[in-house]
Every structure is written in structure tokens, then in C-alpha cells.
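A single structure is presented below for examination.
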Amino acid sequence: MSQNVYDILQERGFIEQCTDEENLRKLFEKERVKFYIGFDATADSLTAGHFLTIMAMMHMQRAGHIPIALLGGGTTMIGDPSAKSDMRKMMTKETIDHNAQCFHKQLSKFLKFDNESALVRNNADWLLSMNYVEMLREIGVHFTVNRMLAAECYKQRWERGLTFFELNYMIMQSFDFYKLYKDDGCKLQMGGNDQWSNIIGGVELIRRKEQGEAYGLTLKLLTTSDGIKMGKTMKGALWLDPEKTSPYEFFQYWRNIEDVKVEECLGLLTFLPMEEVRRLGALQGSEINKAKEILAFEITKTVHGEEEATKSLEAARAIFKNGGISDDMPTVNYTRADIESGKDIITVLSDMKLIKTRSEGRRLINDGGVTLNDDKVTDPSLTLSDKDFNENGIAILRKGKKIVFKIQLN
RNA sequence: GGGCGAAUUCCCGAGUGGCCAAAGGGGGCAGACUGUAAAUCUGCUAGCGAUGCUUUCGAUGGUUCAAAUCCAUCUUCGCCCA
């Protein structure tokens, strides 16, 4: 432990708020600190937003501390009302369990859960069996409603209406921290900055019930320069599951990041040394494209492995630098029979999932957004034929400037 | 429990009998310009076998030649009073 991990996180830009910086730094020097981050099981895959917190966990683990990944099997039954304008749809127990399993599997790619260097817990194990009256007597007495309502994260909901049901989310999350503190000796909770009030709730609960010393630390949220949450694509979230977002798509997302975000993302989402991060972030003009390529490669490498990262990089270079063809670019396979029975261009776009409806396809063609083998498609009823394919049975279809598909004829 | 008000397309938000597939903005997509960036300008933005047809303005039923718009009931939400 040569360098205090607090300095590492701070230098890389992770830290937003901390309950007690001075004593937390001391704690990091004194012992291997057990800390936790909660993941509510709202979908069947983690997203780029989660990845940032996972990076923080990995930095902590590298520094010798012990991450606890807390799956929100219990808290997801309610749903965090923070910064949401509406109540989330209620999810069934089965869906939540399934999602939690998916999370566990994905997290295992980044952290080794061997009960030694990293642990997993699921708050369903203690929250679901909880007795209401007991809970009120043990935990509820330590919370004042006015205090809770003053929390920044409920402000928005305060105007639109917040149910008692959702108000309990904070209490449950606070209890989680208390439980992990008692059972596992967890002394620190980390989370996105929108979790600040929920985290404080736990820190205070531990102090009130146990006179215990616990800390909270929140992390920067990834946003675009407009302040919008980063990691949204036209298809929705940027998933870590390669079945939901292909490694190539994932790579391209980071390759296309805004200039001003490059240095921040390099610090947060890669393990490159900070001198390198600063050097790359300072590149001017079109030079910064080199930095973006490295950024995309490094993140893809961590998430999908070096092999996929290399493939994505090469496919991107082939497509953009040489206007060429690569084995690893997105591909759709057709048989001769498909062509003979007639594949019109809109069906092809639809097969590639580039359009949701045929009308959208027609519009796109009218706008001049579709190119087949370097020729702009002007006729929406155009049907693929043998002459559109080269000697290797390949045709290239573009949507806009950045999306390129290979059509392979077998 | 009583009174009042609201619900519109991806989001915000106009529209109070036909000219409404529904203004405006945001977001998204495409074109121009560029560096696979930002900014800017322009076009598009319910669906379909498309000069037409079908479905959409919380739900159901009704009035009318004609309903997002009027009436009734219901649901949800907000505000005020208890």
C-alpha cells in the first residue's frame, strides 16, 4: 500500500463527496477496509453507469481493500425514488431474482468473489423476511420524517407526490449498511452521488445503534457536457452484456465521445497512469482522436477482453480509415435463396435492426441516409440482386456516416 | 370523508365540436460543414400493401353526420378543507 487509495480515487476524478475525509484516509492506511456498493436489480444486465462504480471497486481492491457487492434483491422490490420523477413499475420477485443472478455473473468478470478478496451479498436475504413491527421498533425510531423529506434526492418527488412505500427505500438501504457493518465488518459505503442521502442514513444509523464508526463516499456520475446521464444510445442503455450491446457498438460509443470528456473518461474508466491520461487529454484538434481510440480500446478491453477490443479497433479502422471491409465488422448473412426470393432494402435495414418500422426506413432513404456499395439509395423499393455483391459475395450497407454493415452472401 | 382541478404522441407542453396524426420546444434520426468531436444551418420524427386506409389524446359507454374537444360512470394523480 504505497499510495493511499483515497489519493488514487481523487486524482482519477472519482470522488464527489465524503462524510469524513480525514479519518477515512487514516482508516485506509490502518487496515484492509471492507466496503460495499449496492446494485439494484432493475434490468438483466449492468450498464456503463455501473461500470464506473465497478472501476472504483477494482481500484480499491488493488489497493488491498475488500469490496462487497450487494445485490438489491430486496430493495428492488421497492425501487429507489431518488431523482426519479415517477414511481418505477413494480417488478416481480422472479424477475428481480433473475436480474440479480445476471448481475452476479457479470460482476464476477471484474471481481473475484472468493470470500477473501471480494464478497457478494443479497439484501433479499434479510429484508424480505423482516418483521414490520420489529423493524419499526429497531430501525424506524432512528429516523425522523422531516429529516428524510429534507433530503435533496426527494425534492423532485416532494412536488409530485412520494408514497410511504417509496419513502421506506432510504430506511432499507440504511439497514443494509447497518447489517453489513455488524455481520461483515463493513465500514464504508460507496455509490453514485445520487445515493448521498441514502448513504448518510446508514452512517447515522450505525452511529446511533452501535456508536459505530462508518463512512460514506460518493462517486461522480458520468454525464455528457449537457448534464445528461452518459451511456444512452439510440437503442437505450449501453449494456455490458455483449448480447445486448455488441463489443463493436460498445467500442464505438467511447470512440465517439465528446472532446471535452476524453480526459475525464480516461481517468475514470481506464487504468492508464495519470501522466498518460493528462498527456492524452491535452491533445489538440484532430489529434485527440488518438486519445479517443485508446479510450475506447482500454474500456472495451476491461469489459469484453483484449481479443474483442482488438477486433473492434481493427474493424473500426478498416471501416473509417480505409472505407474497407473487416471480418469483425457488424455482419448480416444471407443465402442465395434469400436474394432470389427478393430482399428489398427496407427489409434489409430491418434485419440489421437499424430501423424499427418500415416507415422509418422509407424516411431514412428519402433523407439520403442509406448507401449501398458507395451508391446513395434513392428508391425505397430497391431489391438486392447478385450484381450488388462482389466476387466474395460481400455488399456494404451504410446508414448515415458511422453505421456500416457487411452483407455476406453464402 | 367533502370541495376543486388534472390526465395529450419518446418527454415537456398547446389544443375546448369539423381546417387534427394533433402547434411549439426538448430529445432522436438524416443532410451540409468537419476530425468518427463540438457548435451552426436544413429536413424528417404514429403505422401500413401509401395521392388512400388504419390506430392514437387515462378507461368504458353515450350524444352527434362529425369527439382529443360535449355528457355519464370509473381509474389514477395533484391542490384545498376535515
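Lettering follows sequence order; numbering is per chain, from 1. All values below come from the heavy atoms of this structure, side chains included, with hydrogens, waters and symmetry mates left out.
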Nearest-neighbour nucleotide for the A:D367 side chain, B:rG35, B:rG49, B:rC44 considered: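 Ranking B:rG35, B:rG49, B:rC44 by closest atom to the A:D367 side chain puts B:rC44 first.
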Classify the nucleic acid contact of A:Q252 as base, sugar-phosphate or nothing, counting any heavy atom under 4.0 Å across all strands shown.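 The residue A:Q252 makes base contact.
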To the side chain of A:R255, which of B:rG31, B:rA46, B:rU36 is closest?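 So the side chain of A:R255 is nearest to B:rU36.
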Pick the C1' atom in B:rC57 and in B:rC10, then give their distance to the nearest Å.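 Looking at atom C1' only, B:rC57 and B:rC10 are 15 Å apart.
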When the C1' atoms of B:rG15 and B:rA23 are compared, how many Å lie between them, rounded to an integer?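 8 Å, rounded to whole Å.
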Take atom CD1 of A:I288 and atom C1' of B:rA37, then tell me their distance rounded to the nearest Å.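 Going from A:I288 (CD1) to B:rA37 (C1'), I get 8 Å.
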Output the rounded distance in Å from CD (A:E287) to C1' (B:rG35).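 The answer, rounded to whole Å, is 10 Å.
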Separation of atom CZ in A:R398 from atom C1' in B:rA30, rounded to whole Å: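 After rounding, the gap between these two atoms is 15 Å.
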Where the side chain of A:T245 meets the backbone of A:L238, is there a donor-acceptor pair that is under 3.5 Å apart?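 Judged by distance alone, no pair lies under 3.5 Å.
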Out of B:rG47, B:rA37, B:rG35, which nucleotide sits closest to the side chain of A:R363?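 Of the candidates, B:rG47 comes closest.
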Please give the nucleotide sitting opposite B:rC10 as a Watson-Crick or G-U wobble pair, both distances under 3.5 Å, or none.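 B:rG26 - that is the nucleotide pairing with B:rC10, both distances being under 3.5 Å.
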What do you reckon, are the aromatic ring centroids of A:F39 and A:H50 less than 6.0 Å apart?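 Aromatic pair counts; centres sit under 6.0 Å.
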In whole Å, measure the gap between the C1' atoms of B:rA59 and B:rA7 for me.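 Rounded to whole Å, the distance is 11 Å.
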Nearest-nucleotide wise, let me know which of A:A316 and A:G400 is further upstream toward the 5' end of RNA chain B.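 Per heavy-atom nearest nucleotide, the more 5' residue is A:G400.
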B:rG47, B:rC29, B:rC33: which one has an atom nearest the side-chain heavy atoms of A:K399?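 The nucleotide sitting nearest to the side chain is B:rC29.
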How are the rings of A:F250 and A:H304 set relative to one another: parallel (under 30°), tilted (30 to 60°) or perpendicular (over 60°)?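 Correct class here is perpendicular.
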Which one, B:rA37, B:rU36, B:rG47, comes nearest to the side chain of A:D259?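 Closest of the options to the side chain of A:D259: B:rA37.
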My understanding is that a pair needs two contacts under 3.5 Å, Watson-Crick or G-U wobble. By that rule, which nucleotide pairs with B:rC19?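 WC or wobble partner does not exist here.
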Atom pair distance, as rounded to whole Å: NZ in A:K292 and C1' in B:rU36: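 Between C1' of B:rU36 and NZ of A:K292: 8 Å.
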Under a 3.5 Å cut-off for both contacts, is B:rC33 paired Watson-Crick or G-U wobble with anything, and if yes, with which nucleotide?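 Check on B:rC33: unpaired, no WC or wobble geometry under 3.5 Å.
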Rounding to the closest angstrom, what is the interatomic distance between B:rU60 and B:rA67 at atom C1'?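 Result for the C1' pair: 15 Å, nearest Å.
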Write down the distance between NZ (A:K376) and P (B:rG43), rounded to a whole number of angstrom.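 Result: 17 Å.
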Under 3.5 Å for both donor-acceptor distances, Watson-Crick or wobble: does B:rC48 have a partner, and if so which one?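 In the structure as shown, B:rC48 has B:rG52 as its Watson-Crick or wobble partner.
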Roughly, in whole Å, what's the span from CD in A:Q284 to P in B:rG35?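 My rounded result for the distance is 15 Å.
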Rounding to the closest angstrom, what is the interatomic distance between B:rA14 and B:rU9 at atom C1'?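 Comparing C1' positions in B:rA14 and B:rU9 gives a spacing of 13 Å.
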Can you tell me the distance, in whole Å, between the CZ atom of A:R317 and the P atom of B:rU36?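 In whole Å, B:rU36 P and A:R317 CZ are 14 Å from each other.
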B:rA39 pairs with which nucleotide, Watson-Crick or G-U wobble, both distances below 3.5 Å?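 Pairing partner, where one exists within any strand: none, as none qualifies.
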Could you work out the separation of B:rC44 and B:rU55 based on their P atoms and round it to a whole Å?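 Here B:rC44 and B:rU55 have their P atoms 27 Å from each other.
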Among B:rA30, B:rG47, B:rU36, which nucleotide has an atom closest to any side-chain atom of A:S359?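 Among B:rA30, B:rG47, B:rU36, the one nearest the side chain of A:S359 is B:rG47.
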Specify whether A:F14 and A:H59 have parallel, tilted or perpendicular ring planes, treating 30° as the upper limit for parallel and 60° as the lower limit for perpendicular.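 Judged by the thresholds at 30° and 60°, the geometry between A:F14 and A:H59 is perpendicular.
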Test salt bridge (charged side-chain N to carboxylate O under 4.0 Å, His left out) on A:K301 and A:E298 and set out the steps. CA-CA 5 Å; A:K301 187 173 89 179; A:E298 289 295 322; 3.7 Å; yes
If we take the C1' atom in both B:rU54 and B:rG1, what is their distance in whole Å?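 46 Å, rounded to whole Å.
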Using purine N1 to pyrimidine N3 plus N6-O4 or O6-N4 for Watson-Crick, or N1-O2 and O6-N3 for G-U wobble, both under 3.5 Å, which nucleotide pairs with B:rC74?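 Per the H-bond distance test, B:rG58.
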Between A:G369 and A:F251, who's closer to the 5' end of RNA chain B by nearest nucleotide?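 Mapping each residue to its closest nucleotide by heavy atoms, the 5'-most match is A:G369.
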A:K401 side chain N/O closer than 4.0 Å to the phosphate oxygens (OP1, OP2) of B:rA32?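 The answer is yes; a side-chain N or O of A:K401 sits under 4.0 Å from OP1 or OP2.
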Salt bridge present between A:R279 and A:E275 (N-O < 4.0 angstrom):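 Salt bridge flag = no for A:E275 with A:R279.
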So if I apply the side-chain hydrogen bond (donor to acceptor under 3.5 Å, both in side chains) rule between A:K343 and each of A:T383, A:D351, A:D388, which one comes out positive?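 The single option meeting the side-chain hydrogen bond (donor to acceptor under 3.5 Å, both in side chains) with A:K343 is A:D351.
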Taking atom P in both B:rA6 and B:rG13, compute the distance separating them and give it to the nearest angstrom.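 B:rA6 and B:rG13 have their P atoms separated by 14 Å.
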Taking the side chain of A:N256 as its heavy atoms from C-beta onward, which of B:rG47, B:rU36, B:rG35 lies nearest to it?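 Out of B:rG47, B:rU36, B:rG35, the nucleotide with an atom closest to A:N256's side chain is B:rU36.
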Cation-pi between A:R255 and A:F320: NZ/CZ under 6.0 Å from ring centre and within 45° of the ring axis?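 Verdict for A:F320: no cation-pi partner in A:R255.
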Nucleotide B:rU36, atom C1' - distance to CD1 of A:I294 in whole Å: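 Interatomic distance, CD1 of A:I294 to C1' of B:rU36: 16 Å.
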It should be established whether A:R362 places a side-chain nitrogen or oxygen under 4.0 Å from OP1 or OP2 of nucleotide B:rG49.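 It does, given that an N or O in the side chain of A:R362 lies less than 4.0 Å from OP1 or OP2 of B:rG49.
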